[in-house]
Protein chains: 2
Amino acid sequence: MSYPPGYRIERERNRTEKAGDIARAKAIQAAIELFSTSGYNKSSIAEVALRTGLSQSGLLHHFPNKTALLTAVLEQREKEDSEFLFGEGAAPLGWAAFDSLLALVARNSTRPEWIGLFVRISAEATEANHPANQWMLDHYRSTRQWLTQAIEDGKRTGEILPDVPVDAIVRNTIAVLDGLQQQWVAEPDSMSMVAELRVYLDQLRSAWGNPQQ
Amino acid sequence: MSYPPGYRIERERNRTEKAGDIARAKAIQAAIELFSTSGYNKSSIAEVALRTGLSQSGLLHHFPNKTALLTAVLEQREKEDSEFLFGEGAAPLGWAAFDSLLALVARNSTRPEWIGLFVRISAEATEANHPANQWMLDHYRSTRQWLTQAIEDGKRTGEILPDVPVDAIVRNTIAVLDGLQQQWVAEPDSMSMVAELRVYLDQLRSAWGNPQQ
DNA sequence: CTAAACCGACCGTGCACTCGGTCGGTATGC
DNA sequence: GCATACCGACCGAGTGCACGGTCGGTTTAG
């Protein structure tokens with residue numbers, strides 16, 4: 001097998017191996033763009049290869065099969081998103097967590113492929129035997145965990161009222177995020193996700209924020 | 001062409017023609033179940049035929065092609081939903097509109113196929129040339145119109161504060177609805193859409209409801 | 001020489017859709 | 001009342017295509 005990165009670390013990577021990395025990165029980018037408009041199932045590896053500038057076999061040299069390509073795409077997304085959200089330091093907590101969600105949405109508004117990718121893949125992946133099913137479940141679970149922790153911490157510091165219905169708010173917030181993205185993918189020019197989300201967050205704050213602080 | 005109903009109305013429909021109606025209804029039901037778990041693209045008409053108890057050709061006798069089947073499914077959904085929401089009378093307005101959304105969600109919680117159907121189809125249909133694309137746009141547009149009207153009416157009667165950001169609330173509400181459905185399709189047993197939605201609606205009311213009333 | 005990068009030819013499968021038909025029931029002309 | 005014409009329901013076999021994946025190779029760089 002050839003493609004997993006991080007192998008043979010003891011030797012200097014030479015030029016050809018770099019060429020491989022470039023091809024892989026291009027392929028992932030092409031796949032993101034394709035998946036984001038056509039979804040995973042409907043996209044063909046032949047088309048990805050075409051956009052990468054490889055033959056289909058050439059592409060399959062780097063990714064043994066279609067699901068490996070999908071995995072690479074999802075890892076890429078996960079990596080970039082969590083770098084943006086958490087960077088080097090710890091995850092933001094309290095209301096700051098919700099603010100960083102807003103920042104994430106603002107940034108993704110300039111990268112339509114990422115929204116499309118997420119909307120389509122996570123809808124497809126609700127099917128139990130979809131290759132991204134586990135990823136999707138994990139993604140939701142970890143997001144819920146983070147937001148739950150954020151709210152609990154806000155209660156601890158006193159910026160969030162103690163009688164807040166944590167679970168419902170976590171799920172509703174994620175729902176607003178997903179739902180707005182879906183509407184935006186359908187008609188990008190008709191709305192601003194940031195503006196709508198801000199209204200939702202203001203509502204949250206005024207309902208459950210501590211007025212003393 | 002054979003299938004459009006309402007032709008030659010002067011003649012009594014005979015036994016075989018009624019059999020056709022039954023077959024069509026069965027096919028639509030089978031299609032709903034399949035589409036709701038596999039989406040439209042990934043479902044095959046052969047499988048629908050199998051579940052209907054017809055050969056593939058037999059099914060295609062009733063629906064000239066796959067998109068005709070999809071259209072029939074969507075019409076069915078649209079019909080049942082709007083009957084439930086609006087019945088014979090006028091659409092509910094003011095906060096009552098939001099209450100009936102809650103009622104709809106409660107009812108759909110007992111019909112998982114309908115949620116799955118909607119989640120999958122509307123995600124697929126964000127692609128511009130998907131056969132359900134127009135349907136999806138229309139669906140969103142008419143829902144937005146109704147909710148906008150509902151809020152405007154609430155302002156008029158005074159039960160909703162006048163400075164409410166109508167558009168954002170309409171879009172956010174739809175987003176919560178869609179997003180909760182998506183989470184529910186992924187893990188039906190882990191949550192109650194009704195409970196979460198109620199929290200959201202309470203929040204809405206406490207933020208924009210007229211405290212005098 | 002070795003190993004990675006890359007390709008063309010090929011294969012099996014699943015799929016939407018076509019075609020040519022059978023069968024049973026119903027209207028109609030004589 | 002019976003033959004004829006017609007229609008809708010339904011099927012089996014087939015067709016063409018798109019697609020994921022395999023295999024055996026050649027080129028290229030160190």
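Note that these values count all heavy atoms, side chains included, but never hydrogens, waters or copies made by symmetry. Just so we're on the same page: letters track the sequence lines, and every chain starts at 1.
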Using the salt bridge (charged side-chain N to carboxylate O under 4.0 Å, His left out) criterion, which residues pair with D99(A)? Sequence neighbours excluded. R205(A)
Once salt bridge (charged side-chain N to carboxylate O under 4.0 Å, His left out) is applied, what residue pairs with a partner in residues 173-183 of chain A remain, sequence neighbours excluded? none
Distance-only criterion, 3.5 Å: show the donor-acceptor pairs between side-chain atoms of residues 52-60 of chain B and protein atoms not counting sequence neighbours.
{"from": "T52(B)", "atom 1": "OG1", "to": "V48(B)", "atom 2": "O", "distance (Å)": "2.5"}
{"from": "S55(B)", "atom 1": "OG", "to": "S57(B)", "atom 2": "N", "distance (Å)": "3.4"}
{"from": "S55(B)", "atom 1": "OG", "to": "G58(B)", "atom 2": "N", "distance (Å)": "2.9"}

Applying ring pair (Phe, Tyr, Trp, His ring centres under 6.0 Å) as the test, list every pair that has at least one member in residues 35-57 of chain A; sequence neighbours left out. F35(A)-Y40(A), Y40(A)-H130(A)
Rounded to the nearest Å, what distance is computed from the CG atom of residue L60(A) to the P atom of nucleotide dT22(D)? 8 Å
For residues 107-117 of chain B, the side chain to side chain donor-acceptor pair (under 3.5 Å) pairs (sequence neighbours left out) are E80(B)-R111(B)
Residue pairs involving residues 175-198 of chain B (criterion ring pair (Phe, Tyr, Trp, His ring centres under 6.0 Å); sequence neighbours excluded): none
Ring pair (Phe, Tyr, Trp, His ring centres under 6.0 Å) partners of Y140(A), counting only residues at least two apart: none
Rounded to the nearest angstrom, tell me the gap between atom CD1 in I22(B) and atom P in dC10(D). 10 Å
Whole angstrom is fine here: how far is it from CZ in F63(A) over to P in dG20(D)? 15 Å
Rounded to the nearest 0.5 Å, what separates atom CD in Q181(B) from atom OG1 in T126(A)? 12.0 Å
Which salt bridge (charged side-chain N to carboxylate O under 4.0 Å, His left out) pairs, counting each pair once, include a residue from residues 119-128 of chain B, with sequence neighbours left out? K42(A)-E127(B)
Give L54(A) one of three labels, base, sugar-phosphate or nothing, depending on what nucleic acid heavy atoms sit under 4.0 Å from its own. sugar-phosphate
Roughly, in whole Å, what's the span from NZ in K66(B) to C1' in dA16(C)? 8 Å
Anything under 3.5 Å between a protein N or O and an N or O of nucleotides 11-13 of chain C, put it in a table, one pair a line.
none

Per H62(B) side chain, nearest of listed nucleotides dC17(C), dC10(D), dC6(C): dC10(D)
Between the main-chain N or O of S43(A) and the side-chain N or O of K66(A), is there a donor-acceptor pair closer than 3.5 Å? yes
N/O (side chain, H61(B)) to phosphate O (OP1/OP2, dC10(D)) under 4.0 Å: no
Collect all protein-nucleotide pairs involving nucleotides 12-14 of chain D in which both atoms are nitrogen or oxygen and the distance is under 3.5 Å.
{"from": "dG12(D)", "atom 1": "N7", "to": "S57(B)", "atom 2": "OG", "distance (Å)": "3.1"}
{"from": "dG12(D)", "atom 1": "O6", "to": "S57(B)", "atom 2": "OG", "distance (Å)": "2.5"}

By side-chain contact (heavy atoms from CB on, under 4.5 Å), which residues pair with L102(B), not counting sequence neighbours? V194(B), L197(B), R198(B), L201(B)
Between residues 30-53 of chain B and DNA chain C, which residues have a heavy-atom gap below 4.0 Å? S43(B), S44(B), I45(B)
